[in-house]
Amino acid sequence: MKICEATNKRIEQLRKERRMTIYALTYQSGMPSSTVKSIIHGKSQNPGIVNIKKIVEGLGVTIREFYDSEIFDDLEPED
């Protein structure tokens, strides 16, 4: 799995654990809904750490907690 795909899966995992809609995540992160949807649906191939930080703060976790997941253990090299 590539890092972008793993990031999308982790966001979705945390969002569903918290029973948070995409709209709620957009509101909590203070980002445009188009940006959040683009990241979640994999349209953004390089969302950037600043955007990831805003999203994870909206999810109520730290960057360290976000990346502390088995999802990131076996990443494929990027092209």
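Worth knowing before you read on, the calculation uses all heavy atoms, side chains too, and leaves out hydrogens, waters and symmetry mates.
Within the structure, side-chain hydrogen bond (donor to acceptor under 3.5 Å, both in side chains) contacts touching residues 41-65 (residues at least two apart or in different chains) are Lys53-Glu57, Thr62-Glu65. The ring-ring contact (aromatic ring centres under 6.0 Å, His included) pairs that include a residue from residues 52-75 are Phe66-Phe72, Tyr67-Phe72, where partners are two or more places apart or lie in different chains. Sorted by first and then second residue, the side-chain hydrogen bond (donor to acceptor under 3.5 Å, both in side chains) pairs involving residues 22-36 (not counting sequence neighbours) form an empty list. Identified under the salt bridge (Lys or Arg N to Asp or Glu O under 4.0 Å) test for residues 16-35, with sequence neighbours left out: none.
Atom CD of Glu12 and atom CG of Leu59 lie 9.5 Å apart (nearest 0.5 Å). To the nearest 0.5 Å, the span separating CD on Gln13 from OG on Ser69 amounts to 5.0 Å. In this structure, CD1 on Ile22 lies 4.5 Å from CD1 on Ile40, to the nearest 0.5 angstrom.
Lys37 has its side chain out of reach of Pro32: every pair of non-hydrogen atoms, C-beta onward, lies at least 4.5 Å apart.
Between Pro47 and Ile52, the closest heavy-atom pair is CG-CD1, 3.8 Å. Heavy atoms only, all atoms of each residue included: Leu75 and Ala6 are closest at CD2-CB, 3.7 Å. Considering all non-hydrogen atoms of both residues, Arg15 and Leu25 come closest at CD-CD2, 4.2 Å.
Taking Arg10 as the reference, nothing meets the salt bridge (charged side-chain N to carboxylate O under 4.0 Å, His left out) condition, with sequence neighbours excluded.
The closest donor-acceptor contact from the side chain of Glu76 to the backbone of Met1 lies under 3.5 Å.
Summarising the local packing, CG of Asp74 is surrounded by 12 or fewer heavy atoms from other residues, nucleotides or ligands at distances under 6.0 Å.
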